[in-house]
Amino acid sequence: MLTAAIFVPLAGAIVMLMLPASRERMLRAIAAAFASVPLVISAIAWQRFQGGAPGTSGFEQIESAGWIPTLGANYLVGIDGISLPLVVLTALLFLASIIYPVDYRGRIKSYFALFLFLESVSLGVFLALDLLLFYVFWDLSLVGMYFLIGAWGHGEEARRAALKFFLYTLAGSLAMLLAILVLYLHSGPSTGQRTFDMIQLIATRPLDGPGLSATLAFVGFGVAFAIKTPLVPFHTWLPPAHVDAPAPVSTILAGVLLKMGTYGFVRIMLSMMPLTFQRFAFPLAVLAVVSIVYGALVALAQDNLKRRIAYTSVNHMGYVVLGVAAAGALSAGNEQARVLALTGATVEMVAHGLITGALFLITGSIWRRAATYELAEFGGLASKTPALTLLATVAAFASLGLPGLAGFVAEFQIFVGAFAVYPWLAAIGLIGIIVTAALFLKLLQRVFLGDLPARWSAWTELGRVELVSLTVLIVLVIFVGVAPATLLAVIEAGVRPLLGVR
Amino acid sequence: MLSLWLLPSLPILGAVVMFLPTKFAPLSSARFLRIFSSAVLTATLALAVTALVVSLHPTTLSWGPTLQLALELSPISGIMIVLVPTIAIPVLLYATSSMSEDVGLPRLIALLVGFCGAMELLVLASDFLTLLLAWELVGAASWALIGFDWRDNGTSRSALQAFITTRVGDLGLYLAAAALFAGTSTFSFSAVGQLSGTALSVVVGGVMFAAAAKSAQLPFSPWLFSAMAGPTAASALLHSATMVAAGAYLIARLAPVLSLASWFAPAVIALGLSTAIAGGLVALIQSDLKRALAASTSAQYGLMLVAVGAGVPAAAALHLIAHAAFKALLFLGAGIVLHSAGTLDMSKLRLGAALPRVARLFGIGTLALAAVPPLGGAFSKEQILAAAETGPRGGGWIVAGVLVAGFLSALYAGRLYLLAFGKSEPTARSVAPSRIEYASIGALALVSVALGLLWMPGADGIFERVSGSALADGNSGLLLASLATIVFAAFIDWRLWRTDNLFELAVPDLIRRGVEDWLGLPALAQRFIVQPVYWFSTELARFDQRWIDAGISAVASFTSSVSRVFAWWGENGMDGVVSATAAATGGIATASRTFDDSAIDRFIEGLARGVGVVGSKSRRLQTGLSHDYYTIVAIGAAVILAVAGIARYVAVS
Amino acid sequence: MTITDVLFALFATTAVVSAWRVFRADSMVRAAYWLMASFIAVAFILVLLGSEFLGIVLVLMMAGEMTIMAVFMIMFMMNPAGLNPMMMVHQHRTAILAGTMTFLGLGSVALFGVFPSAVAPLEHAPSLRTAQLGTELLGDSMLVFETAGVALLATMIGAIAIASNRGRYGEGDEGSVEPDIDSSSKHQ
Amino acid sequence: MNSGMGSMPVGDVIPEIVLLVGTVVVLLFALSAPRRVQWWSSVIAIVTIGATSAVTVKLMSAGSIPQRLTFFDTYAIDGAALWAKQIILAASAIVVVLSVDWFRSDQRHGEYYAIVLMSALGAIMMAGAADLMELTLAVLLSSATSSVLIAYHRQSRRAGEAAIKYYLLGALSNGLMVYGIVLLFGLAATTTYAGLATALRTAHSLPLIAGVALTIVGLAFKIGAVPVHAWMPDVSEGAPAPVSAFVTTLPKIGALIALARLMAIMPEATSGWRPVVALLAALTMTIGNVAALWQENIRRLLGWSAVSQTGYGMMAVVALNRSDLAAPSLLYFLVAYTLGNLAAFGVVIQLRGEARITHYHGLAQKHPVLAGAVVVSFLSFVGIPPLAGFAAKVALFGASIDAGYAWLAILAIVNTVISLAYYARIIGHMYFSDPSGEDSSGSLAIMGWAPNACVLICSLAIVAVGIAAEPLFASFRAALLLP
Amino acid sequence: MSIQLVLLLAAALFGIGVYGALSQQSFVMIMMGLELMLNGAILAAVVFWSLAAGGSPKGQLLAVVVMTVMAVEAAVGFALVIGIYRIKKADITEKLKALRG
């Protein structure tokens, strides 16, 4: 069933290419239909989710098939408490952004096909339980993204941004490939016995602790995920990619692709090499805090709407990594706090996906009407588009961590959990909370409040599709913020076995 | 089973209902909003009373095993849950009337009602998670209220400033919650007692920090001035029973556990007293009516903190109630003043003749502010004085301080009244307030007067029972001293009024301007916090683009210098290398001078730029001349031999 | 110092000197003959080493080849350099360095390298050693022999295919270019 | 193992014989057939290749894959040789099909196929050679025929120039290799690998190093590795495009196997070959990639990319005897590389040799299949999953790390990133540029259906081989290198 | 006449060949250099056959193989030089540099 979630969109991509290009509405409807299949499937998976009985690996609903058994690589997919919410998030964000209107540049079929392809591989990343398969999907996500940014991005700069994105993240993913290979080579004495099976690698931890190989592998993974996440100073591919990408693509980039990095931190580094992780937890936490503060401060100085939001991603993903680092800093003691930190980190992935996804869709609506992102050119839009204003306000407040909205649930847990382990770092990280508050409020103020420049007097209110997409995301943001119990239960079911806490 | 959760959720849901259907005209009429909001708040009030009488079920909202949102009815929160709707109803009535023409009215009313809901949640919280949640919601609601008139850029800036300032304070709560959890794995208020040492200090410090920010104590006081940008009703509610009250409430609520830290009492007294006196001075010298009231708010909350610090939270609670009533009254009065006179500049008011009824009601508020018996405000102030003297941690200098603060409040209260409602010729342009507005300030005046019942013998006993903690024993000498200061203050006011010096107070303009704006605190903050942060962030962004984004430029420049060698080789051929090894360095220098950046093309940046240069230059190795290829082969073969030899040597040794 | 040593010294000197003269000759024809001289000296050394057959083969082959080389230069290319004095070199110092380094490297291999020292039994008649070669060619190294044959065949075909400009249907080179990028003038 | 003196194990070289006989038939046909039907030679060539492949299959399926030396230890019949044979044959078939339209105007159209077949034979012999003399002659056969093929456009200056350069470099490196081989013979008194393996174990280091190093230089020419890589881009640009595809692909297959086979028997400590090959691999991939960065000519770019690919392939050689992934990764790499290279050159051929980058603007809209093929082959070169190049790189990197050459793997990764820059640049031109400009794909003419079919087959094969990598890997794992 | 001396001679011939190949401009002269290198190789092969390998017939065969290489290279070389001369009138390496970069 999970397999269908991966391959139905892929089939959809192929179908899209074969359809006639003339009827935009029909194409969009078909694409949406394909994109909704994974959402339904992931909802069913959520329903069936057991929550990792004690003594089990925590993974369930596993589906497998032989792929390259000679090398110990197999097609293996499944979920646990950490991947399940991300899968749902991915399916949801893709559906929301695939229907979001955008300028198709006369290549509507390939747009939807690529989008569906990207959905397929993104789901694959979160579902894969085989390292090689994971890598396959991971790399393919770069390809899909490259074409989407390059072909439908804004202007000539888009090509450059796309290339930069591709180069930068490919460098990271290749570092990961090396690390995967080191891990693989240590999993057995010869090819027949080696394996890429993540469940097995998590259970046996063939490469853990000090030692050069472990360090190398860890650094490889670390670089890969730090680039993808991104952590300062590996973040510079992000702003141009975001600014030049069309809005739905930005949504996916921020909402789904960045999560792959942090997911990797949890799924691979923390699960497979916890002892090595401990040795590097502190530097990682420092990097995370730097990202938090740096991302927020640099975002504050941006005059470009999308760039500003892009930099807040650096800030928010810093929180995630801080949570993960805190969770992995000790092998015993402070269990409650570490569970809290990791749970918070996972919630932050979901929350950031929803919130920033919504924010980028909002920028898309703005771009469609204004074709600019310069904050200085806006003002007073609240009078023209109250619905957008309301949605943007809620999203902005969620992003700055207002309680009652999704971001708070995550950030609070991360902060509290991290404080128990790294009090000073956590305290420094709090600065980010203030700066994000300032930057988002200023953003709202500049775009929606104040005087309306004359050139926007013909501004149109959101269309139905836009409204529905955004509302769904915002409602979820509120729901997670008010009643996160179900989400937290699922996540904790994944976090506890991972940290060895009952 | 009625749950305590109903208490906050009822107003919040009511707010949502009022906020959403803005398209349907009847539902956004002032009339409907007035009825609906009053109904909601009345229901809340009824619930609150019920909660006090029959004790509602203290259910817990569970987010997860460690994240439990618990509500609990402590004595002091019992007082607050009643107080909030009690004050809010008249304020809302006023709002529906005074702003009935505004298209944003539904938003305003919804926000006000929601604000009350958040405040209810805040006062019921029994753990730091819930508290923080409510705490920040209150802050966000205040942002929306202050920035109500969003078309005005200044307003939104003020809202931003207010929000950011209080949010800085919120960090204290974050820290407190985290430190508490790190020590005890729970967020419950009751667990604070298990802490000691640094952890305890962090919790106490965090709480104090947060409370100081919310209650506009030094150095956060200036945000209250920004808060003035909001509508009058918002200010009234904000200053009296919600927002600002939260800080004092929290300190009072947690006083028993907070006092476990030995430095808590002196610190909080110092904080309160300094704010009370500074606030008094600022209020005294103020030329703007609302600002004067705002400064007085800081001062009055400072006094409450002093009471808590002295060990008598009940006195603080008492003053909180009294203050809520008269401050809401005063603010609404100021709103009417603004409405009718079009200005709040106290040099231009003197509305006594124009608005005689308002003047009388405002006068009640002023008297309460000045602590003139037998009003409730006086009683609570006397209780604070008593606490300062006989409270567990009272002391002589505290008494002196409170007396000075009391003197100042009497002084500025008198000045306010005289300047605002002193008799003069009736002006033609004054607009009479509506009936509802009269009713609302009348109701608040009534409450203020009714609180005078506290002077009745035995009333303090009842209050002690309700609040669950003891008041300090009064002392008639102290009472007399206090009265004397009030009289003295009144005398001074009168003298100045008669000599027409009451407005200027004979203070040089320079000092006036300095003191007026909170002793220059905002300017300091602007100069030393806000501007540096912006500067830093701009510089950081520049750094980000220029350096980090440009890749590892050191490597890039290294590679490009390597490429220069290649380039030189390409131009001069292998023969040149052999013939002039010595000249090579000079050659590199020459090549580097003539190195042309235009070769660096479009799109691979940073590190890639370096590689790219190497690429374009190394192509020159491919001269297309066979004999150069031969040379490469010869060199390559030699290198291979050398490497093999070295490898062999290494393998053997 | 045996007679063999004397002869070796003689031929070795001849070989080196004439090899050097190849690149010092003032015309290409002379160079070709110097080259042949060098080869013939080497052939004599081969004989001294006991391989009469190879010595003779080398002489015959080189005589043919050098003649072709010289004739070719004059007859075909009509290159004045074929006979006229010439000194056409480039990157001379590099070349000298490379040659010297090669000599020093391989010379040190010759001097300091340790090789097995199984001397061939030369008491048998030369014909036997030649027969040995034949047996090897048609026996153990059959495949090598065959491969050499194929290589020579391929060379013949290939050399003719590209060098001969007469075809059965007129000019042999006709149409032997890249197709036009613009298909409108496509060849039939 | 060996049959005794006198009885030649002819059965072991049946594929080679079939190929040779086919060559002769092609030649005879070409010499006698009228010009109009010259192109039928290609059909005969295809039939020959098919027959050869069929007998090879028969050889492979006779029980399990044979693992033995034949012809008195001069020739190997093992998995590596047989698989190399199949890859070479398949590639030759594709090149033959690609050539038909390209050479249609040439008078000596028919002979061309005979030479192609002989060149393929040379590559096959290289892969199987288990004797230094056999290796020398195989290299010679391959080089001589390749030079001729490159020069086959006898009226083209570029082709002539490319051929001369190829020839000159080949002759020099052959000379060096021959001397190295002689030195090895001097040390071991034999030329068979089986004999060398034992004899060289005790050999003196100095001549051994010289011999091995010189031999490596010789083989470096055939695989296009540093320091004898310079011909690659020139030939790639100057030669007839099908020949470019041929020469940058087939000899490399045979020569890489030959290099691996030879290095596998060398005593590691005394010859120092491993670090040498590692260094050459590193230099080759780096120089290839760096030089390809700014190419404005697709054919040159492909040439340089072929150089860099050689560097990756040599990583497998570095890992020989140390990692059980070495041999499978080498074979798999060869499959991936061959398919990718042929697909890319196929596109160039289909576009009638158009190589200027500006003319590829917007190709995706004009010729989506061709653009798609370029994307598939380029991304396969980069190693993007699930294409064939990905599995190859995984195996190569794995082998390299396993062998203790993590630095080489890291360098390969850096190189891969650099390579993406130029590959993606071309892709960007094809997909993100406007096709309506003056010098863009809008004005391109195409060759015919045959190259199109080849391109399609190759790119589909890249995908298929990448996804269904198991059968190949399983077979390659069993394919040992003798002796 | 020891193995060392003969090998030294072979090295000298080879070295001169290398020099020639690298220094000459004319294709034909370059080919002469290449021939000289092979000449050295033949000499080395035979001396090994005679003095090191105990007369193993493979030694003589190796020399034959080298001669084959020589012959094939000469033939192909001449053919190519003719070809390039015919179309481009080029007889030295400097004239062939259209393909570069």
Side-chain angles (χ1 to χ4, degrees), chain C residues 102 105-118 120 135-188, chain D residues 5-6 8 13 20 27 35 71-72 74-75 101-108 111-112 114-115 118-119 121-122 125 131 133-134 137-138 140-141 144-145 147-149 151-156 158-159 163 179 183 186-189 204 206-207 210 240-241 351-354 443-447:
Chain C
T102 309
L106 295 179
S108 59
V109 168
L111 293 178
F112 308 116
V114 180
F115 294 95
S117 51
T135 318
E136 176 74 21
L137 274 178
L138 295 173
D140 280 7
S141 296
M142 172 79 180
L143 194 66
V144 174
F145 181 55
E146 302 289 350
T147 313
V150 174
L152 288 167
L153 171 69
T155 308
M156 274 160 57
I157 300 169
I160 293 168
I162 55 172
S164 156
N165 63 350
R166 254 173 303 167
R168 286 179 294 137
Y169 313 104
E171 274 292 302
D173 292 349
E174 189 196 324
S176 65
V177 286
E178 294 88 353
D180 285 308
I181 282 168
D182 182 3
S183 66
S184 55
S185 60
K186 197 173 173 179
H187 281 268
Q188 292 311 303
Chain D
M5 269 293 267
M8 290 296 160
V13 289
L20 193 58
L27 195 60
R35 186 169 175 178
F71 277 93
F72 311 101
T74 56
Y75 203 61
D101 286 326
W102 187 279
F103 284 98
R104 197 177 285 279
S105 64
D106 195 324
Q107 248 221 36
R108 298 217 175 97
E111 287 98 319
Y112 167 81
I115 300 171
M118 275 193 280
S119 197
L121 182 63
M125 304 288 272
D131 179 283
M133 292 188 283
E134 181 68 24
L137 288 169
L140 185 68
L141 175 57
T145 47
S147 313
V148 171
L149 288 176
Y152 216 80
H153 281 331
R154 299 172 299 288
Q155 288 183 332
S156 158
R158 290 175 164 266
Y179 203 90
L183 282 176
L187 286 169
H204 185 231
L206 183 61
L351 296 176
R352 309 185 71 83
E354 179 55 80
S443 59
L444 284 182
I446 55 165
M447 188 65 101

State, to 0.1 Å, how close [X] and [Y] come at their nearest heavy-atom pair, and which atoms those are.
| X | Y | result |
| --- | --- | --- |
| D:Arg108 | C:Ala161 | NH1-O, 2.6 Å |
| C:Val114 | D:Pro207 | N-CG, 4.1 Å |
| D:Met118 | C:Ile157 | CE-CD1, 3.4 Å |
| C:Thr147 | D:Glu134 | OG1-OE2, 3.0 Å |
| C:Ala154 | D:Thr145 | CB-CG2, 3.7 Å |
| D:Met133 | C:Ser141 | CE-OG, 4.1 Å |

* Asked: Can C:Val150 and D:Met125 be said to form a side chain to side chain contact (heavy atoms under 4.5 Å, CB included), step by step?
  -> CA-CA 11 Å; C:Val150 174; D:Met125 304 288 272; over 6 Å; no
* To do: Tell me, for C:Leu106 versus chain D, whether the close heavy atoms (under 4.5 Å) come from the side chain, the backbone, both or neither.
  =>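 The side chain, not the backbone.
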* With a 4.5 angstrom heavy-atom cut-off, could you sort out which part of C:Leu111 is near chain D: side chain, backbone, both or neither? => neither
Which atoms of [X] are under 4.5 Å from chain C, going by heavy atoms: the side chain, the backbone, both sets, or neither?
| X | value |
| --- | --- |
| D:Tyr179 | side chain |
| D:Ala151 | both |
| D:Ile115 | side chain |

For chain C, the option from [options] that forms the most heavy-atom pairs under 4.5 Å:
| options | value |
| --- | --- |
| D:Tyr112, D:Phe103, D:Trp102 | D:Trp102 |
| D:Leu27, D:Leu187, D:Leu121 | D:Leu187 |
| D:Leu183, D:Val13, D:Val148 | D:Val148 |

Working to the nearest 0.5 Å, report the span between [atom1] of [X] and [atom2] of [Y].
| X | Y | atom1 | atom2 | answer |
| --- | --- | --- | --- | --- |
| C:Leu152 | D:Leu140 | CG | CG | 8.0 Å |
| D:Leu20 | C:Leu153 | CG | CG | 7.0 Å |
| C:Glu146 | D:Tyr75 | CD | OH | 12.5 Å |

* Taking the side chain as every heavy atom from C-beta outward, state whether C:Leu143 and D:Phe72 have any atom pair closer than 4.5 Å. => no
